[in-house]
Every structure is written in C-alpha cells, then in structure tokens.
Amino acid sequence: MDAISYERAIDVAGAVRAAQQPGAVYIGGGTNLLDLMKGGVARPLRLIDITHIDGLDSVSALPDGGLRIGALVRNSDAANHARVREQYPLLSQALLAGASAQLRNMATVGGNLLQRTRCGYFYDTAFSHCNKRAPGSGCAALDGHNRMHAILGASPQCIAVNPSDMSVALAALDALVRVSGPGGERTIAFGEFHRLPGERPDVDTTLQPGELITAVDLPPPLFSAHSHYLKVRDRASYAFALVSVAAALQMDGERVQSARIALGGVAHKPWRANAAEQMLAGQPLTDATLKNAAAAALSGAQPRRENGFKVQLAQRAIVRAVKLAAGQSGGVA
Ligand code: SF4
C-alpha cells in the first residue's frame with residue numbers, strides 16, 4: 001500500500017502552492033479520482049483537498065450578461081440552478097444526462113472537466129498495453145474491444161473517448177475555463193481545453209502542471225430558446241454515451257441564423273461539427289439540408305472493427321437533436 005499525505009487548502013494560492021510538491025493532485029468531489037486510485041491507475045503521493053476554498057462553490061452573473069459557475073459547484077446544483085435552467089437549458093440537460101443522482105450530488109464542475117476516459121483497458125491494470133496509463137506500452141483497444149471508442153480525431157496511440165456529457169454542452173456554448181497556477185491566472189477557450197491524443201494520449205488537457213480550475217464562464221445566452229442535448233446510450237440511465245449531440249440554434253422563423261453542434265462519445269475531446277454548423281447557417285431547416293450537414297460532420301470518420309455503427313448513429317443523432325432544438329419533431333431524415 002502506498003502512503004498518501006493529505007492537505008486541506010483554504011485558498012487558491014495555498015492550493016497552488018501545495019500542488020508544487022512532487023506527486024500532488026487536487027481532489028474535489030473525488031468521484032473519478034478515488035476510483036482511479038482504488039484500481040491502481042492513479043497513484044498520487046499527496047492529495048490537496050480544495051473543497052474548503054471559499055468562493056469556488058457559487059454561481060454568479062458576469063457583467064456581459066454571461067454566467068460564472070465556480071469549479072466546486074456540484075453537478076446537480078449547476079443543473080438545477082434557476083439561471084442555468086432558464087438561460088442555458090442545454091447545459092442543464094447535459095448535466096442531468098450524466099452519471100447517477102448520487103454522483104451528480106458529489107461531482108464538481110471542475111472535476112467533471114477532468115474525468116478520464118472510461119476505456120476498459122485503461123482502468124484494468126491487468127492489461128499491460130495502454131499508452132494513456134503507461135506511455136509507450138501500446139494500445140490494446142486498437143485490435144481489441146473498441147465498440148465504445150473514437151471514430152474522429154484518434155491516433156494510432158489511443159482511440160479513447162472523453163466521457164463527459166457536461167463538456168459537450170460547454171463546447172457548443174463556447175465556454176471559457178478559468179484557471180490559476182504558478183504563473184498566475186489565465187482563461188482557456190473551451191475548444192482548446194481538452195486535447196486530441198496525438199503522440200501524448202496520457203495528457204488529456206492543456207492545463208499546465210499545478211494549475212487549478214477555478215470556474216467556467218458561460219458567454220451571454222444566445223441559444224436559450226432553441227437547444228437540445230441528445231444522448232444515445234445502451235440503457236436509459238447511468239451509462240456513458242455511444243453518441244451524444246449538443247445542438248444550439250439561433251432561428252429566424254424557419255431559417256437557421258447560426259448553429260452550434262458538438263458531439264460526445266466520438267472523440268478524445270468534445271467534437272465541434274464546424275462544417276455542419278456552416279452548412280446550416282442561413283439555410284431553411286429542411287430534411288435535405290440537415291442530412292447533408294450531418295454527413296459533413298462525419299466525413300472524416302475512421303471507425304474501428306466494432307464501432308462502425310457510430311457513423312450513422314451520429315448522423316441520425318445530429319438530425320434529431322437539431323430538429324428538436326428548432327422545435328420540430330425529431331424524426332430521422
Ligand atoms: Fe489506453 Fe487509449 Fe488504447 Fe484505451 S484507447 S487502451 S485508453 S491507449
């Protein structure tokens with residue numbers, strides 16, 4: 001058994017200072033980290049408890065009309081906050097689609113951003129080939145069970161997917177991640193926060209060593225009238241997405257003024273469907289337009305042996321989610 005030290009931080013500066021020690025990691029809700037530790041996947045030497053830091057557990061209005069959600073706000077509190085429900089229903093829906101009520105009551109917004117892939121080979125240390133867990137060891141999923149794995153943006157080093165529902169909505173909403181670290185404070189555009197695997201699948205995000213997430217900022221609400229989060233999974237609750245779609249629209253009558261579409265369950269990071277968004281902008285929302293946009297979103301897909309079904313599933317999910325966001329029935333085009 002490894003010895004682990006524990007330190008309770010009372011402010012951000014103290015937490016960042018404590019995290020400079022070798023083997024230190026922050027712990028908030030712990031819903032993922034403790035699982036990783038129990039399985040021997042994560043072996044930190046020091047836990048820096050951030051749950052007693054004042055000011056990170058609140059939701060507050062921003063001067064530009066946006067909303068700041070503190071990193072320690074519980075997922076259930078974020079989902080049920082009045083302003084989130086009214087102005088960012090996409091985020092509320094995505095949060096409530098994730099995990100179980102018990103986990104949502106414990107998990108924090110900051111921790112949700114950092115949850116690691118659910119690839120079975122990553123979690124089971126009996127498998128020696130996992131570049132994410134043991135860099136340079138190979139990837140057992142390439143020729144193994146890969147039904148749940150990526151079809152976009154993967155590399156020969158790793159084909160894992162990001163498991164977060166919340167992050168898919170935040171990608172569509174163009175959120176910002178606020179962090180504090182040894183170099184001071186900075187803000188990371190959401191699309192730049194998570195990484196594709198490339199040659200370094202062991203690195204999930206662009207956080208620098210010791211940086212602490214302090215909040216997520218939402219831009220002023222543009223999509224509250226027309227958005228939908230659609231999650232397709234093997235069972236109705238407490239399951240990770242095979243494919244999910246966060247769709248947000250600005251409508252001008254029957255015409256799409258602008259569209260944001262992000263996909264979950266298909267890549268190592270929430271995947272913005274930029275080509276589809278551009279094809280929908282300025283167009284009437286017809287079945288033909290939607291079908292073409294959905295096809296464009298998956299044009300670069302590279303499915304594996306067991307997950308070819310995800311290509312058509314994602315296309316159909318895009319069509320359904322966009323239609324539902326627009327207030328149409330969600331029939332498949
Ligand atoms: Fe590990 Fe990634 Fe391969 Fe899964 S897909 S076995 S996480 S390297």
Side-chain angles (χ1 to χ4, degrees), residues 2 23 25-27 30-44 98-99 103 107 110-168 171 191-207 209 231-235 238-244 262-272 298 300-311 313-314:
D2 298 330
V25 298
Y26 299 117
I27 183 164
T31 54
N32 189 204
L33 178 61
L34 294 179
D35 274 350
L36 292 167
M37 289 170 64
K38 282 187 273 187
V41 179
R43 306 175 84 94
L103 284 167
N112 192 322
L113 293 177
L114 298 178
Q115 63 176 304
R116 308 209 68 190
T117 183
R118 307 296 160 153
C119 172
Y121 300 110
F122 173 69
Y123 276 81
D124 190 342
T125 55
F127 289 98
S128 54
H129 302 305
C130 174
N131 286 323
K132 188 177 280 295
R133 175 164 39 80
S137 64
C139 172
L142 283 177
D143 297 315
H145 292 299
N146 47 37
R147 177 173 176 271
M148 298 294 290
H149 288 68
I151 55 173
L152 290 164
S155 78
Q157 310 302 321
C158 180
I159 57 171
V161 296
N162 183 296
S164 169
D165 291 293
M166 180 191 78
S167 292
V168 183
E192 305 296 321
F193 182 77
H194 294 101
R195 291 181 70 256
L196 290 176
E199 296 295 316
R200 290 296 307 272
D202 53 313
V203 182
D204 291 341
T205 73
T206 54
L207 282 174
K231 181 174 182 177
V232 184
R233 47 189 157 176
D234 282 326
R235 55 175 187 258
Y238 200 30
F240 294 99
L242 292 165
V243 165
S244 68
L263 307 179
V266 296
H268 199 258
K269 61 185 283 185
W271 188 266
R272 273 290 285 272
L298 274 298
Q302 291 186 309
R304 302 285 161 175
R305 181 167 53 89
E306 294 181 348
N307 67 2
F309 71 96
K310 281 193 178 187
V311 177
L313 184 65

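Order of appearance sets the numbers: ligands from 1, and atoms from 1 within every ligand. Hydrogens, waters and symmetry mates are skipped; everything else that's a heavy atom, side chains included, is used. FYI, the numbering just counts along the sequence from 1.
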List the atom of K132, the atom of H268, and the distance in Å for their closest heavy-atom pair. NZ-NE2, 2.8 Å

Q157 versus N131, closest heavy-atom pair with distance: O-ND2, 2.8 Å

What residue pairs, at least two apart or across chains, pass ring pair (Phe, Tyr, Trp, His ring centres under 6.0 Å) with a residue in residues 114-134? Y121-F127

Quick check on side chain to side chain contact (heavy atoms under 4.5 Å, CB included): which of D204, L207, V25 does L114 satisfy it with? L207

From the options N307, V311, V266, select the one residue that forms a side chain to side chain contact (heavy atoms under 4.5 Å, CB included) with V243. V266

Against heavy atoms of I159, which atoms of ligand 1 measure under 4.0 Å? 5 (S)

Can you sort out which atoms of ligand 1 are near Q157, meaning under 4.0 Å from one of its heavy atoms? 8 (S)

Given side chains that start at C-beta, do those of N112 and T31 come closer than 4.5 Å, heavy atoms only? no

Are the side chains of F240 and D234 in contact, using a 4.5 Å heavy-atom criterion? no

Can you count the protein N, O or S atoms that lie less than 2.8 Å from atom 1 (Fe) of ligand 1? 1

